[in-house]
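A quick write-up on the structure given underneath.
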Amino acid sequence: MPASITAEQVAERLAAVRARIERAGGADVRVVAVTKTFGLDAVVAAVAAGCDAIGENYAQELVSKLAMLVERPPVHFIGQLQSNKVRMIAPFVDVYETVDRVSLARELARRAPGARVLVQVITPNDDGFVDLGKGGCSLRDAPPLVDECAQLGLVPIGLMTVGPTGAGETTTRAGFGAVRRLVDSLGLAVCSMGMTDDLELAVGEGSTQVRVGSALFGARPPRR
Ligand SMILES: *Cc1c(COP(=O)(O)O)cnc(C)c1O
C-alpha cells in the first residue's frame, strides 16, 4: 500500500500548478484534479486542498470511489464514455467532458437530462500527425454536435481537447489555438485543455480549465 496522499501535499502542489498557470498568462483558469487510478485519499485530499473539481476516467472506478463519500465534490467525467455506462455514473457526475457523438448525447439526455456537457474535439494537427484512441470529433463536426446537445436539452458549456501529445510545441500551440477560436465562435465559455506536461502551451492559447493529475499526485499507479 502506498502512503496515502494528504491535503497538505496536494495543496502545495496545487500552488505550484497555479503558479505555472499564472506565469503562462492565465487568469481564472480552473484546475480539475484528475484522480484516475488513485484512491479515495486523493479525491478527499484534492477537495480539501481547493481543487475546483475532480476528474475521473473510468465509470466503475468513479462509482466505487464516489459512492463512499457523504459530501459529493463536483465531478467531471473525462474518459471515453460508452453509452451503456451513462446510467451508472449519472448520480455522481456534474460535467461530461467527452461528448463526441450524437448517440452519446442522446443517452445523456435520457439519463442525465439538463446535464452540462463539453464536446470533445480532436486537436487539429497540421503535421498530419494522427492521434488515435483518445476520442473526440473533428472541429468541423463540433458545431452541429453542440447544437444537437442543446436541442436534446443538455447544456453545452464548451469544448474539451486532449493535446497532440508527442507533437512539437508549434504544432501543439496551433492546435490549441484553433480549439479556443472555435469555442469563441460558438459563443461558449469553457475551453478545457492542458494537462501536466502541456498546460503552459494550453493556457498560453486560452485554456479556461486544465485537467491535471501527475503534477498534483505524483506518478499514477497502474490501473487495477
Ligand atoms: C489522465 C488525463 C489527464 C491528466 O493527465 P496528467 O498528465 O497526469 O496531468 C487529463 N485529461 C485526460 C483526458 C486524462 O485522461
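Atoms within a ligand are numbered from 1 in the order they appear, just like the ligands themselves.
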Working to the nearest 0.5 Å, report the span between CD of Gln120 and NZ of Lys134.
9.5 Å

[atom] - nearest protein heavy atom and its distance:
{"atom": "atom 3 (C) of ligand 1", "answer": "Met195 SD, 3.6 Å"}
{"atom": "atom 9 (O) of ligand 1", "answer": "Thr196 OG1, 2.5 Å"}
{"atom": "atom 13 (C) of ligand 1", "answer": "Ile78 O, 3.5 Å"}
{"atom": "atom 1 (C) of ligand 1", "answer": "Lys36 NZ, 1.4 Å"}

Is Asp197 in contact with ligand 1, taking contact as a heavy-atom separation below 4.0 Å?
no

Below 4.0 Å from any atom of ligand 1, is there a heavy atom belonging to Lys134?
no

[atom1]/[X]: more than 12 non-hydrogen atoms of other groups inside 6.0 Å:
{"X": "Asn84", "atom1": "CG", "result": "yes"}
{"X": "Arg72", "atom1": "CZ", "result": "yes"}
{"X": "Asp184", "atom1": "CG", "result": "yes"}
{"X": "Arg30", "atom1": "CZ", "result": "no"}

Taking atom 11 (N) of ligand 1 as the point of reference, which of Glu97, Met160, Arg211 owns the nearest heavy atom?
Arg211

Any Lys/Arg nitrogen of Glu169 or Arg173 sitting under 4.0 Å from an Asp/Glu carboxylate oxygen of the other?
yes

Keeping Thr37 on the side-chain end and Pro221 on the backbone end, is there a donor-acceptor pair under 3.5 Å?
yes

Provide the number and element of each atom of ligand 1 under 4.0 Å from a heavy atom of [X].
{"X": "Asn57", "value": "14 (C), 15 (O)"}
{"X": "Val212", "value": "9 (O)"}
{"X": "Gly213", "value": "4 (C), 6 (P), 8 (O), 9 (O)"}

Co-membership, hydrophobic cluster, residues Leu118 and Val179, 4.5 Å side-chain
no

Hey, is ligand 1 close enough to Ala215 that some N/O pair sits below 3.5 Å?
no

